[in-house]
Every structure is written in C-alpha cells, then in structure tokens.
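To start, the structure under review is shown below, and the notes come after it.
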Number of protein chains: 2
Amino acid sequence: MKIGELAKRSGMAASRIRFYESNGLISAVKRKANGYREYGAEAIYILDMITCGQQAGFSLEELRQLLPKGESGWKHGELLEALKRKVSDIEALEGRLAETKQHLLRAIAQIEHKPSDIDCEDNARQILENIQIKAV
Amino acid sequence: MKIGELAKRSGMAASRIRFYESNGLISAVKRKANGYREYGAEAIYILDMITCGQQAGFSLEELRQLLPKGESGWKHGELLEALKRKVSDIEALEGRLAETKQHLLRAIAQIEHKPSDIDCEDNARQILENIQIKAV
DNA sequence: ATTGACCTTAAACTTAACTTAAAGGTTAAG
DNA sequence: CTTAACCTTTAAGTTAAGTTTAAGGTCAAT
C-alpha cells in the first residue's frame, strides 16, 4: 500500500503520516525501488493508535514515548503506568467539566430569570460575578 | 490601579493584559498624563471572566464576541445562546470522556491479565486493536 | 543626579501539530 | 508522447495564545 492509500484508509493526510515519520512517532518504512514508501496493513493500526491516543489527551511527545518503535516491542510497565495516569487525568477533567457545567447552568438560569426590564449596565457586574467559574 | 497591580491581583502577566487589549477582548482603558494605563477595580472581573471562559472551553475569538465591549452592554440573547451551546459542548465532551475512560480501563485490564509470559510481538496488534478508542 | 522599579510601544519569538509550497521524479492512460 | 495523478524532499507557512526583546520614558528614593 502506498502512502496515498494509507492516507485514504486512515483518514489522515499523507503529509501528516510523513510528518509523524520524520518526527519519530512511527518508524521509517520500507521503500520500493522508486523510493516510494510501502506500507503493510498493520500501519493503519498504528495510525489509529495515534489518533486514539490524541483523543484520549496524549500529546505527540507522550505518544512518542509509548508507541513501539521499530524492533523494540511495547514496554508493558511504562504503557500501563501511562494508561493509568491518563485515567486519572480523565477523572480530574470529568470533575472540572461537571463543575463548569453547573456554573454555566446557574448563569443561564440567572439570565433567564431577570427579563429585559432590568437595567443591563447596572446588573452587568452582578451577572459577571455569578458567571464566574472558580479556578480548580 | 496601574497594570502591574492589576497583573498581580488577577494573576495574569501584564503582557497578557496588554495583549487582550490590543486584540480587542477588553476595551482600551483610560491613560494617566504620563501614558500609563489606569484601571478601576472592575477590571479584575473582566479578566476573571476571560480566564473563566477559557476554562469553560471558549476560545478568545468566542469570548471577543461575547464580552461587553466599551459602551455597548451585554447582548443577552447571544450570551444566552452561547452559554447553552457551551453546555451542549460540555455534555458531548463528558460522553466522549466516559467512553475514552472505558477503553483505557479495558486496555489496562487486558494488559494486566496477560502477564509477561506471552509473546509481546505476536500480541501487540491484539492489544492495539483493543486499546482503540473509536472516533465519536 | 543616578539607581532601580515601574511603565510605554512595536516587533519578533515560542510551541504544537500540522499544512503548503517549491521543485522534481514515477507511472498509468489515452 | 504527453498529461494527470501519484510519489519524493526540504523549507517555509499557519494558528492560538501568549511571551520576550529592544528601545525608551517615568517616578520615588538615595
């Protein structure tokens, strides 16, 4: 499979795949006689791992540490720890998100319960203060 | 209050406050005879609004549309709609996050239940496939 | 009157994660 | 045989959200 097909199948731009290779996220692949990159079907899994990892909040730098590079296989211990750390991160984020949502809902309620007959300017600061989402 | 004090009180770098002013997020403020910016106490609320909005997932571009600029007060309707949209965004994010977490937990379980006696290379793809977090 | 802590502006730099451009080689079709 | 659709590389551009730098004005104290 040439890079164009891998791009189509993975939903990634070819430039992005080359970018990942040049940045060490994926190992350099075999070339045909003409210099074209030739990928096997498993390449799609690696690329999917990257997008999945990104969705889970891993940066490319983090993924570079975790993805199996060339001959060296997975590092179980490290991978496991990273996954567990990421679960903690997600839990923290869930908490923050829930709080933020409550503040937004309270702000909405406040705006909806004071119809247009109030003086906007005078009450701006009050809404302002209530809309605030305290740093977590 | 000069910009340095506002910076300290708001926890923002002075450069950041100037940046917000030059980018139209906050309206230009009065100057003293020497050209120094002079802020009133309410400035802190506006800055807090910005950090709060950012925490809630608003980009500066979005905040620029929503924050009261100069004489014009708040636009209730628009603000309300934006807040509601943001709540929807948060709910969608919550769902995605929960899913991601499940996938991570499953991946962790799988790794923990196959101890080191298995052949990493042979099973890499299997783990790989199971770790995948489907795009939402 | 000079040091140090402030303030001013404009412009350049930073980081992440890519994309786009420039310049050129390869291949399949008509 | 030429044209279009691929592929290659290196380098430069993009976006967001600031920060840093350079060059200079101001102010309070010594």
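Every chain is numbered from 1, with letters handed out A, B, ... down the list of sequences.
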Of the options [options], whose atoms approach the side-chain atoms of [X] most closely?
X	options	value
B:R16	D:dT19, C:dT9, D:dT9	D:dT19
B:R18	C:dT8, C:dC18, D:dG18	C:dT8
B:K2	D:dT19, C:dC7, C:dT8	C:dC7
A:Y36	D:dT8, C:dT9, D:dT20	D:dT8
A:L60	D:dC27, D:dG18, C:dA17	C:dA17
B:S59	D:dA17, C:dC18, D:dT19	D:dA17
B:N34	D:dT26, D:dT20, C:dT27	D:dT26

Original post:
Knowing that exactly one of B:K2, B:K8, B:R9 qualifies, which makes a side chain to side chain donor-acceptor pair (under 3.5 Å) with B:E5?
Top reply: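 Among B:K2, B:K8, B:R9, the one meeting side chain to side chain donor-acceptor pair (under 3.5 Å) with B:E5 is B:R9.
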Atom-pair distance ([atom1] on [X]; [atom2] on [N]), nearest Å:
X	N	atom1	atom2	value
A:L63	C:dC18	CG	P	10 Å
A:I3	D:dT9	CD1	C1'	12 Å
B:N23	C:dT9	CG	C1'	15 Å
B:I50	D:dA17	CD1	C1'	12 Å
B:E61	D:dG18	CD	C1'	16 Å
B:K32	D:dT26	NZ	P	14 Å
B:Y39	C:dT8	OH	C1'	12 Å
B:F19	D:dT15	CZ	P	14 Å

Original post:
Between B:R64 and B:E61, is the closest basic N to carboxylate O distance under 4.0 Å?
Top reply: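 Yes, this pair counts.
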Using only side-chain N and O atoms of [X], determine if any of them is under 4.0 Å from OP1 or OP2 of [N].
X	N	answer
B:R37	C:dT9	yes
A:Y20	C:dC18	yes
B:S15	D:dT19	yes

Original post:
With a 4.0 Å cut-off on heavy atoms, is B:A14 in touch with a base, just the backbone sugar-phosphate, or nothing at all?
Top reply: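 Nothing, no heavy atom under 4.0 Å.
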Original post:
Looking at A:I17 and A:S10, what are the two nearest heavy atoms and their distance?
Top reply: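 Taking every non-hydrogen atom into account, CD1-OG, 4.2 Å.
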Original post:
How close do B:A14 and B:I3 get, heavy atom to heavy atom, and via which atoms?
Top reply: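 In this case the closest contact between B:A14 and B:I3 is O-CD1, 3.8 Å.
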Original post:
So, B:Q65 side chain and B:E62 main chain: donor-acceptor pair closer than 3.5 Å or not?
Top reply: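 No, because the side chain of B:Q65 does not come within donor-acceptor range (under 3.5 Å) of the backbone of B:E62.
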